[in-house]
Amino acid sequence: MMKTLILGGVRSGKSVMAEQLASAHTGPVVYVATAEHWPDDDQMSSRIKRHQQRRPDHWALCEAPIALGQAVETYRLQTPVPLLLVDCMSLWLTNLLLHPDTPRIEQEQTAFLSAIADYPGDMIIVSNEVGLGTIGMDALTRQFVDRLGTLNQSLAQCCDQVQLSVAGLALKLKG
């Protein structure tokens with residue numbers, strides 16, 4: 001079993017890179033989507049549609065905008081164990097920050113990291129690298145960047161491979 005983290009900026013090619021890696025997998029693949037359809041957000045709807053159009057029809061879909069650890073756990077006992085492509089951590093964290101029960105972030109993060117450690121199959125996790133920019137001007141932006149940076153560090157520690165996508169090119173950081 002191989003756990004891979006793919007980091008990159010917005011439009012860096014990280015999702016396409018993850019999808020290409022998953023396409024090479026010989027067994028079943030489950031695309032675990034963290035994005036939510038936000039009302040009156042045509043731009044987000046277009047992003048989601050592009051992701052849907054790129055995915056092969058034979059991949060299963062699991063939508064997990066909040067309870068990501070629980071979603072991973074549901075696939076642990078399947079035979080054969082599917083490769084999980086989780087896309088993406090920044091949208092998941094946004095969902096948690098905007099959820100009315102924000103203190104739940106620690107619980108959900110711990111549950112997800114635990115589920116990764118216990119998952120008996122391959123996983124590909126996509127996340128934005130936001131630590132290369134300027135410091136946010138408002139408290140929510142700073143909280144998002146700090147939490148995502150900490151989450152990415154935890155993910156990098158528990159993954160066998162870490163890649164950084166820049167302009168559609170992969171830079172191997174680990175593994």
Side-chain angles (χ1 to χ4, degrees), residues 1-36 44 46-56 58-69 71-73 75-76 81-97 108-133 144-175:
M1 67 186 155
M2 182 70 62
K3 309 289 193 288
T4 302
L5 173 62
I6 300 178
L7 299 166
V10 175
R11 295 276 188 255
S12 65
K14 63 191 174 297
S15 291
V16 170
M17 196 175 293
E19 291 160 5
Q20 289 171 345
L21 237 128
S23 290
H25 186 70
T26 56
V29 174
V30 176
Y31 187 98
V32 182
T34 63
E36 286 192 292
M44 180 55 90
S46 293
R47 281 177 178 266
I48 292 170
K49 190 175 201 94
R50 272 194 307 277
H51 280 253
Q52 290 169 335
Q53 291 170 341
R54 285 197 314 250
R55 288 196 300 269
H58 65 276
W59 285 7
L61 173 66
C62 171
E63 294 182 351
I66 299 289
L68 191 50
V72 170
E73 285 295 320
Y75 294 98
R76 261 184 84 215
V81 176
L83 176 144
L84 299 183
L85 191 170
V86 182
D87 195 358
C88 84
M89 296 293 92
S90 55
L91 290 174
W92 178 60
L93 181 60
T94 299
N95 295 339
L96 288 170
L97 286 169
E108 293 297 340
Q109 227 173 273
T110 299
F112 178 56
L113 291 169
S114 177
I116 293 170
D118 293 341
Y119 192 70
D122 296 337
M123 286 184 82
I124 302 168
I125 302 165
V126 178
S127 187
N128 282 53
E129 175 51 62
V130 294
L132 301 173
F144 171 80
V145 171
D146 289 348
R147 284 184 179 273
L148 187 59
T150 301
L151 176 59
N152 285 345
Q153 289 179 47
S154 295
L155 289 168
Q157 285 180 347
C158 67
C159 285
D160 307 296
Q161 296 182 347
V162 180
Q163 297 178 11
L164 178 65
S165 178
V166 179
L169 302 172
L171 176 61
K172 189 184 230 180
L173 302 176
K174 178 182 175 181

- [ ] Could you tell me whether the side chain of Leu155 reaches within less than 4.5 Å of the side chain of Leu113, counting heavy atoms only?
- [x] yes
- [ ] Determine yes or no for a side-chain-to-main-chain donor-acceptor pair under 3.5 angstrom, with Lys14 supplying the side chain and Leu164 the backbone.
- [x] no
Open item on the list: Using every non-hydrogen atom in the two residues, find where Ala22 and Val29 come nearest and quote the distance to one decimal.
Closed with: O-CG2, 3.8 Å
Open item on the list: Any heavy-atom pair between the side chains of Arg55 and Leu85 that's under 4.5 Å?
Closed with: no
Open item on the list: Can you tell me how far apart CE (Met123) and OH (Tyr75) are? Round to the nearest 0.5 Å.
Closed with: 11.5 Å
Open item on the list: Could you measure the distance from the CD atom of Gln109 to the CG atom of Leu96? Nearest 0.5 Å is fine.
Closed with: 8.0 Å
Task: Test salt bridge (Lys or Arg N to Asp or Glu O under 4.0 Å) applied to Glu108 - qualifying residues, sequence neighbours left out - done: Arg104
Task: Working for side chain to side chain contact (heavy atoms under 4.5 Å, CB included), residues Cys159 and Ile125 - done: CA-CA 9 Å; Cys159 285; Ile125 302 165; 4.3 Å; yes
Open item on the list: Restricting to non-hydrogen atoms, name the atom on Ala18 and the atom on Val126 that form the minimum distance, rounded to 0.1 Å.
Closed with: CB-CG2, 3.5 Å
TODO: Please round to the nearest 0.5 Å and tell me the distance separating atom CG of Leu5 and atom NZ of Lys174.
DONE: 9.0 Å
Open item on the list: Keeping Glu129 on the side-chain end and Gly131 on the backbone end, is there a donor-acceptor pair under 3.5 Å?
Closed with: yes
Task: Close side-chain approach of Leu171 and Val166, heavy atoms under 4.5 Å - done: no
Open item on the list: Rounded to the nearest 0.5 Å, what separates atom CE in Met17 from atom CD1 in Ile124?
Closed with: 11.5 Å
TODO: Check for a donor-acceptor pair, side chain of Ser165 on one end and backbone N or O of Gly8 on the other, with a separation under 3.5 Å.
DONE: no
- [ ] List the steps, then state whether side chain to side chain contact (heavy atoms under 4.5 Å, CB included) holds for Met1 with Val81.
- [x] CA-CA 10 Å; Met1 67 186 155; Val81 176; over 6 Å; no
Task: Beyond-backbone contact of Leu7 with Ser127, side-chain heavy atoms, under 4.5 angstrom - done: yes
Task: Heavy-atom closest contact (Cys158 atom, Ile116 atom, distance) - done: SG-CG2, 4.0 Å
Open item on the list: Could you check whether any side-chain N or O of Thr34 sits under 3.5 Å from a backbone N or O of Cys88, counting only pairs where one atom can act as donor and the other as acceptor?
Closed with: yes
Open item on the list: Can you list everything that forms a ring-ring contact (aromatic ring centres under 6.0 Å, His included) with Phe112? Sequence neighbours excluded, please.
Closed with: Trp92
TODO: With rounding to the nearest 0.5 Å, note down the distance linking CG in Leu93 to CZ in Phe144.
DONE: 5.5 Å
Task: Spacing of CG belonging to Asn128 relative to CG belonging to Asn152, to within rounding of 0.5 Å - done: 8.5 Å
Open item on the list: Quick one: does any side-chain atom of Lys3 pair with a main-chain N or O of Ala156 as donor and acceptor, under 3.5 Å?
Closed with: no
Task: Minimal non-hydrogen separation, Asn95 against Pro65, with atom names - done: ND2-O, 3.1 Å
- [ ] State, yes or no, whether a side-chain contact exists between Gln163 and Leu21 at a heavy-atom distance under 4.5 Å.
- [x] yes
